[in-house]
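This report concerns only the one structure given below.
Chain letters run A, B, ... following the sequence lines, proteins first, then strands; residues in each count from 1. All heavy atoms count here, side chains included; hydrogens, waters and symmetry mates do not.
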Number of protein chains: 2
Amino acid sequence: MINIALVDDHNLFRTSLAAWLNNNEKLHVALECENGKELQLFLPKHQIDVVLLDIQMPEMDGIETCEWLTRTHPGIKILIVSFLKDVDIIYQMMQRGAHGYFSKESAPEELANAILSLDYTSFFFNHSIRHIIQEAKKWKPTKKEVSTAPATSHDQLFTQRETEILKWVSQGLKSAEIGDKMNIDVRTVETHRRNIIEKTPAKNMIGAVLWAFKEGWIDLEG
Amino acid sequence: MINIALVDDHNLFRTSLAAWLNNNEKLHVALECENGKELQLFLPKHQIDVVLLDIQMPEMDGIETCEWLTRTHPGIKILIVSFLKDVDIIYQMMQRGAHGYFSKESAPEELANAILSLDYTSFFFNHSIRHIIQEAKKWKPTKKEVSTAPATSHDQLFTQRETEILKWVSQGLKSAEIGDKMNIDVRTVETHRRNIIEKTPAKNMIGAVLWAFKEGWIDLEG
DNA sequence: TTTCATCTGCGCAAAAACACGGAGACCACA
DNA sequence: TGTGGTCTCCGTGTTTTTGCGCAGATGAAA
């Protein structure tokens, strides 16, 4: 019997998936959480073997949660369950210690097999993911890549300040308005914007924001 | 016994939700589809009472599907099931003939009740949605609102041309580049951009694109 | 036919974003 | 101590976007 923790902010999805998984006699959903913070809170009270982790969540997202899990609970296996099918983000999750990546577009029958086949030496790929990885290998990076990105203490692409600015920009604020919000000079904001664009394959802020969202680096609020 | 059709492009979500609903003796999921196109194809072969409809889907999204359903199958009740909680989009779906709006963040127990309580005279609101409606009534529209937007033959917010331009803009192209792509003058593109911003509550293109995405008017490619 | 929305193009001016280079302060880490 | 990354600010200049007004062509609908 494998004990599972579900971490996903969509209650409807989470609960129905839990019901489905519990139908399998080898699986047991022992814990349901809405985000990483909740997992941190309740994980000590349960004996968990596998964590099914969504990427985009409020409070504490999949990236952070995955890092924390790997650091504090190396014995727990992590399976990312997301609708994102981007190569970069899969690599990112691999680097953060995830043991598999499962697309939400796939069938639940596959998921049970995925959970049962997880191990520490290999990385599980969804069938619908696998061919994407294949194609990705043909590409040649033209700009700064995730793997060569400045490695901060937490291996993030954007710095704290840049992430803040991305948030305001995505809400439609202008540089001057952001400067007011953050109590810094307009020119500082502009410098940050330049650096943000530099870190993405985009050529302007619109492309950069949407890229960052699609790659899972930021969430859209409101 | 209520016969249900599930329309959602996330296989995992759809199948597990179907399993959950089938546990209820009063409910029966008779049809599962990935998008509106599939629904159009398979609906005639089934006797469906209620359609659970996601908004953001490829091929044929919830907006289109809802319109089509209301027009061709007025006897079928439509319950929107989405993670979006925006007031405008809820009103839009009401106008298109939906009978209820359910947030994916809510509990599945609520969903069964929602389905059973659907009727033709009222509009079902999720508990987590209801307070949003309340707050929305306090607001005063400052700009052009969806309800007063130019009503085209298909009651869309953006025109065909504007949608095209939104697509290119969201991929980071500049006005000049878009003009080349579409073989129109830069100034024409700029006119369209102005009109797009006018139709949204945003003050610049970044805000407009992200608003349009969050409201389900456009999809992000790539 | 008239009306209306759409698509198209133009001119002008201000605002904002973007590009490039430089630099001091701070902090963590080796 | 030195290195490197981050955050901050500055100057200069170009490019792009945005705001506002105007207007003809087209096509669909009343």
Show the distances under 3.5 angstrom between N or O atoms of the protein and N or O atoms of nucleotides 24-28 of chain C.
none

ask   = Looking at A:E164 and A:R161, does any basic side-chain N land under 4.0 Å from a carboxylate oxygen?
value = yes

key: Polar side-chain atom of A:E38 near backbone of A:E34 as donor-acceptor pair, under 3.5 Å   = yes

ask   = For DNA chain D, whose closest nucleotide is more 5', that of A:K174 or that of A:T191?
value = A:T191

Atom-to-atom span, [atom1] of [X] to [atom2] of [N] - whole angstrom:
{"X": "B:N204", "N": "C:dA14", "atom1": "CG", "atom2": "C1'", "value": "16 Å"}
{"X": "A:R187", "N": "C:dA23", "atom1": "CZ", "atom2": "P", "value": "17 Å"}
{"X": "A:R194", "N": "C:dG21", "atom1": "CZ", "atom2": "P", "value": "10 Å"}
{"X": "B:D185", "N": "D:dG24", "atom1": "CG", "atom2": "C1'", "value": "15 Å"}
{"X": "A:Q160", "N": "D:dT6", "atom1": "CD", "atom2": "C1'", "value": "10 Å"}
{"X": "A:E162", "N": "D:dG5", "atom1": "CD", "atom2": "P", "value": "13 Å"}
{"X": "B:R161", "N": "C:dT6", "atom1": "CZ", "atom2": "C1'", "value": "11 Å"}
{"X": "B:H192", "N": "D:dT18", "atom1": "NE2", "atom2": "C1'", "value": "16 Å"}

query = Hey, what's the ring geometry for B:H73 with B:W68, parallel, tilted or perpendicular (30° and 60° as the breaks)?
reply = tilted

task = Please work out whether the ring planes of B:F213 and A:F213 are parallel, tilted or perpendicular, with thresholds of 30° and 60°.
result = perpendicular

Heavy-atom pair of closest approach, residues [X] and [Y]:
{"X": "A:G36", "Y": "A:T65", "value": "CA-OG1, 3.3 Å"}
{"X": "A:I196", "Y": "A:E162", "value": "CD1-O, 3.6 Å"}
{"X": "B:I206", "Y": "A:R193", "value": "CD1-NH2, 4.1 Å"}

task = Kindly point out which of C:dA17, C:dT6, D:dC7 is positioned nearest to the side chain of B:T159?
result = C:dT6

remark   = Which of C:dG9, D:dT17, D:dG11 is nearest the side chain of B:E190? It is D:dT17

Using OP1 and OP2 only, check whether a side-chain N or O of [X] sits under 4.0 Å from [N].
{"X": "B:S175", "N": "D:dT17", "value": "yes"}
{"X": "B:R193", "N": "D:dT18", "value": "yes"}
{"X": "B:T188", "N": "C:dC7", "value": "no"}

key: A:V186 or B:I184, whichever maps to the more 5' nucleotide of DNA chain C   = B:I184

